[in-house]
Amino acid sequence: MFLSPEPAVNAAWAANTWHDPREAEIASIAEAANLLKAEQRNWAAYAPLHHRRASLIQEKLPHVSAKPLVFGTPLPPAPMGSFTLLAPDRLLYAARCDSARPNGEYGFVENRNDPPSRAYLKLWEALTRLGEMPQPGQKCLDLGACPGGWTWVIASLGAQVDAIDKAPLAPNVAAMPGVVWRQGSAFALDPRNEPAVDWLFSDVICYPARLLALVQRWIAAGKAARMLCTVKFQGETDHETARAFAAIPGARLLHLHHNKHELTWFWSAAGSVALR
């Protein structure tokens, strides 16, 4: 946890951002719970220190489900506050946080049979946090699609998807309605020669600067209404290129719960992206 007196910024690597945190002296577990309940209903404990005492406070608060999410179920609209104990008698809390889930942890009820890889969990989380997803009949492009984890998600939603990769899709994904595999490189496509799409997706493995150039070409061509891409770092983090992604108007960059040494980049031609 990092505390700053400065105004909040979109910190891409933060699992959760607490806004306007406050500190209070507490004489008992009951006093801490009553203080929090007077602020709002939903609270999640973050307890790297004094874990047992923080758990006892949590038990006296209204129940907040931390069960895995079912994909397609909207996130609850109610705000999620967070609290921690700096010392047994010192409570730090914030009623407003960026994450709609306790401590930014987005677990899902997994499908262990149909997706050809676990990459589908990243897209499930990204679309859930975006609060928007491809609709039946919409046209999508999935760059670097093999073996097809993201294509599987998109097609499961009823959208039409062209999957671009030099290697073929997993057979069960290739056979899904609305899926077309186009053999080739994502970087060889000229967006000026492509039909417009509602969504462009990319989980392709490449250096961040190369992906940045690719999305800039698509933005300049005006052929994608929305883009959702994984920015993968090989070796040291390329912070300069990450800042360039974040600076694109209408974009948002963040680290998903299911990301590893990578960030996820969202962009909308319609304007700024709101995430939870």
Side-chain angles (χ1 to χ4, degrees), residues 10 12 119 122-123 126-127 129-130 132-135 137-155 157 159-169 178-256 259-275:
N10 290 328
K122 288 189 289 187
L123 189 51
L127 295 174
R129 296 179 69 168
L130 187 60
E132 185 180 6
M133 54 191 65
Q135 298 299 306
Q138 286 190 327
K139 297 184 181 300
C140 305
L141 198 60
D142 184 13
L143 305 181
C146 178
W150 282 28
T151 295
W152 175 82
V153 173
I154 300 162
L157 294 168
Q160 307 293 309
V161 53
D162 280 13
I164 312 298
D165 206 303
K166 294 178 181 178
L169 300 171
V179 172
V180 175
W181 171 58
R182 292 164 54 187
Q183 188 173 27
S185 167
F187 300 97
L189 293 182
D190 187 340
R192 296 172 297 181
N193 299 329
E194 293 291 321
V197 295
D198 297 291
W199 296 80
L200 183 147
F201 295 93
S202 172
D203 194 32
V204 69
I205 298 173
C206 67
Y207 285 105
R210 196 178 188 200
L211 180 66
L212 178 63
L214 183 149
V215 302
Q216 287 172 332
R217 288 197 299 273
W218 280 90
I219 292 172
K223 289 297 187 73
R226 307 165 192 80
M227 287 192 273
L228 197 164
C229 305
T230 305
V231 183
K232 300 175 184 287
F233 301 100
Q234 302 174 47
E236 292 187 5
T237 304
D238 183 351
H239 292 290
E240 181 179 352
T241 303
R243 284 191 289 268
F245 270 103
I248 294 173
R252 180 76 187 275
L253 190 68
L254 81 163
H255 186 265
L256 301 180
N259 280 147
K260 295 181 180 178
H261 189 204
E262 57 193 20
L263 295 169
T264 297
W265 178 77
F266 303 80
W267 175 84
S268 169
S272 60
V273 176
L275 300 164

Run W199 and V197 through side chain to side chain contact (heavy atoms under 4.5 Å, CB included) and show every step you take. CA-CA 5 Å; W199 296 80; V197 295; 6.0 Å; no

Check the pair R129 / L254 against side chain to side chain contact (heavy atoms under 4.5 Å, CB included), numbers first and verdict last. CA-CA 11 Å; R129 296 179 69 168; L254 81 163; 3.2 Å; yes

Audit row: V204, F187, side chain to side chain contact (heavy atoms under 4.5 Å, CB included) steps and yes/no: CA-CA 10 Å; V204 69; F187 300 97; 4.2 Å; yes

CA sep, side-chain torsions, deciding dist, call: D203, L123, side chain to side chain contact (heavy atoms under 4.5 Å, CB included): CA-CA 9 Å; D203 194 32; L123 189 51; over 6 Å; no

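In this structure, W265 and F245 have perpendicular ring planes: the angle between them is above 60°, well past the 30° mark.
Side chain of W267 to backbone of P249: a donor-acceptor contact under 3.5 angstrom is found. For D198 (side chain) and Q138 (main-chain N/O), no donor-acceptor pair under 3.5 Å exists by modelled atom type. Under the 3.5 Å distance criterion, the side-chain polar atoms of D238 are matched with a main-chain donor or acceptor of T241. Side-chain atoms of W181 come within 3.5 Å of backbone atoms of D165 as a donor-acceptor pair (strictly under, hydrogens ignored). Looking only at distances, a side-chain donor or acceptor of S268 sits under 3.5 Å from a matching main-chain atom of A270. In this structure a side-chain-to-backbone donor-acceptor pair under 3.5 Å is present from W150 to A119.
Other residues, nucleotides and ligands contribute more than 12 heavy atoms inside 6.0 Å of the NZ atom of K232. Shown here is Y207, whose OH atom has no more than 12 heavy atoms of other residues, nucleotides or ligands within 6.0 Å.
To the nearest 0.5 Å, the span separating CZ on R252 from CG on L228 amounts to 13.0 Å. Rounding to the nearest 0.5 Å gives a distance of 11.5 Å between NZ of K223 and CG of L141. One distance of note links CG of D162 with OG1 of T151; it measures 9.5 Å at 0.5 Å rounding. To the nearest 0.5 angstrom, M227 atom CE is 10.0 Å from L143 atom CG. In this structure, CD1 in I205 is found 12.0 Å from CG in L211, a value given to the nearest 0.5 Å. Going from atom CG of L212 over to atom SG of C229 covers 10.5 Å, rounded to the nearest 0.5 Å.
For V161 against A155, the heavy-atom pair with the smallest separation is CG1-CB, 4.3 Å.
With a 4.5 Å cut-off on side-chain heavy atoms, E194 and L189 count as touching. With contacts defined as side-chain heavy-atom distances shorter than 4.5 Å, the pair H255/L263 qualifies.
Side-chain N/O atoms of T230 and N259 include no donor and acceptor closer than 3.5 Å.
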